[in-house]
Amino acid sequence: MALGSAPPAGIDVVDIAFWDRPPEQRLADFARLREHGAPVYFAEPRVPFVRSGKGFHALVRHADVVEASRNAKVFSSEPAATSPEPPPWLAKVFGTPMVNMDDPEHARLRRIVFRAFTPKMLATIEDEVRAIAARIVDDVEKQGPRDFVSQVAAPFQLAVICAMMGIPERVRPYVLSRVDAMTEYSGVRGSLASPRTLRLLYGNLRAIVDLHRLVARLGRARRAEPRDDLVSALVNANPDGERLSIPELGSFFDLLLVAGNETTRNTLSHGLRLFTDHPEQRDLLMDDYDARIGPAIEELVRYVSPIIQFRRTLKRDHELNGHPFRAGDKVVLFYPAANRDPDVFDDPDSLDISRSPNPHVAFGGPGPHLCLGANLARMELKIMFWELFTRLPGLRATGEPEYLLSSFDNGITRLPFTYDR
Ligand code: HEM
């Protein structure tokens, strides 16, 4: 492996302390990494049974993230696109999620699960999403505003995914508890070889088993008696004879819950904080909601970058941004860094809801793994911000957010809020 240059002093994205700081400080360090030039190498500690410890080069320039996303023949998503890299036995036990696959297996799965995200399927759940948003705002009116995350952002997103999958309402709090256990292990938490890491890993595995059991039951029921819903469409063959196996349905549900749950929920919470700090942007939005909400959502996701990173492994030798990579080398694509690249975005640290063009990579760079749920996320955010801003006048955050300690999700765990009652 060609190691390339060492990181500038004081920057270690593998150290948990790096992520335990306000986002602005991390962004300042990413700016230093971008200015540094060629990709910088970070060593990862080896943790028995958990990760390989091979280390990776950080891709922080927009052009580099775009190339690694687009050129999937060189930048492979196998064996894993997440960090820390899961141990190989995990895929044998639970199946491989599509983010960790290359074509042709990835393309086959994507063709099948694309049925969940067609404009027709999204149109069929739009009314239900509206009803969920309305119910959540009703509850806020009844209970009074306390914490935006637990009262609005988290239940909204979870309800939408469960509604898509046909999970009954009474089971949803259980699903939420399992998702929290799963996401606790994501990110750099695993960078420390501590009993805590292993405990989190165990909790994560238990949660996966529980969720797989739940959807396996549902999948088998829909195979026996298909209905006009998504799970029926996924587990029964399409005209080309393709369908998800029951274990594949389990993996897909995990992915929906993790990929779809944290992301939109965190965009909503960051969005409230940002519109509180930038009231002129909110006034601009509300002045012509229908025309401005589309670009506003693109700018929110650029600015926030709800997903911080995905990983690729080089399949063959390849030069990128002056660095001679070797087959087997790892790179990590840092979306927040690419989304603030001044070579692509004017005044990148300003929130500007009318920014155009806005070629952000918050949904991933262009390529085979571009976010499947992007249009669902856009629809949900459009519906929820409308419901919130029109029904709760003067809606605003009233304190600093509490941030999730993670290198994967740019998460907010608590956000006090109020409105004029
Ligand atoms: C603001 C919201 C969201 C953001 C920022 C986001 C971000 C991303 C990113 C960066 C990737 C690329 C992975 C890669 O290149 O390896 C991705 C993939 C994916 N996302 Fe999203 N996502 C969001 C919402 C959603 C939602 C709501 C769903 C579904 C309910 C979803 C489902 C998926 C799936 C299934 C993939 C894997 C696609 C593949 O491997 O072919 N996402 N997302």
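Note that the numbering runs from 1 along the sequence shown for the chain. Because only heavy atoms are used, hydrogens play no part in the values below, and waters and symmetry mates are left out as well, while side chains stay in. Atoms within a ligand are numbered from 1 in the order they appear, just like the ligands themselves.
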Novice: Once ring-ring contact (aromatic ring centres under 6.0 Å, His included) is applied, do any residues pair with F345, and if so which ones, sequence neighbours excluded?
Specialist: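 With sequence neighbours excluded, F345 shows a ring-ring contact (aromatic ring centres under 6.0 Å, His included) to H62, given in chain and number order.
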Novice: So, do H212 and F253 have ring centers that fall under 6.0 Å from each other?
Specialist: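 Aromatic pair excluded; centres sit 6.0 Å or further apart.
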Novice: For F385, what residues pass the ring-ring contact (aromatic ring centres under 6.0 Å, His included) criterion, not counting sequence neighbours?
Specialist: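 F385: ring-ring contact (aromatic ring centres under 6.0 Å, His included) contacts with F275, F389.
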Novice: Which residue pairs pass the salt bridge (Lys or Arg N to Asp or Glu O under 4.0 Å) test when at least one of the two sits in residues 32-43, sequence neighbours left out?
Specialist: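 Qualifying pairs: D29-R32.
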Novice: Which parts of the protein, at residue level, reach under 4.0 Å of ligand 1 through a heavy atom?
Specialist: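 Ligand 1 is contacted, at a heavy-atom distance under 4.0 Å, by M98, V99, H106, R110, F117, I161, L255, L256, A259, G260, T263, T264, T267, V301, P306, I307, F310, R312, Y335, A362, F363, G364, P368, H369, C371, L372, G373, L376, A377.
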Novice: For residues Y41 and F56, establish whether the separation of their ring centroids is below 6.0 Å.
Specialist: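 Here the rings of F56 and Y41 have centres that are no less than 6.0 Å from each other.
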Novice: Restricting to non-hydrogen atoms, name the atom on D290 and the atom on I293 that form the minimum distance, rounded to 0.1 Å.
Specialist: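 Heavy atoms of D290 and I293 come nearest at O-CG2, 4.0 Å.
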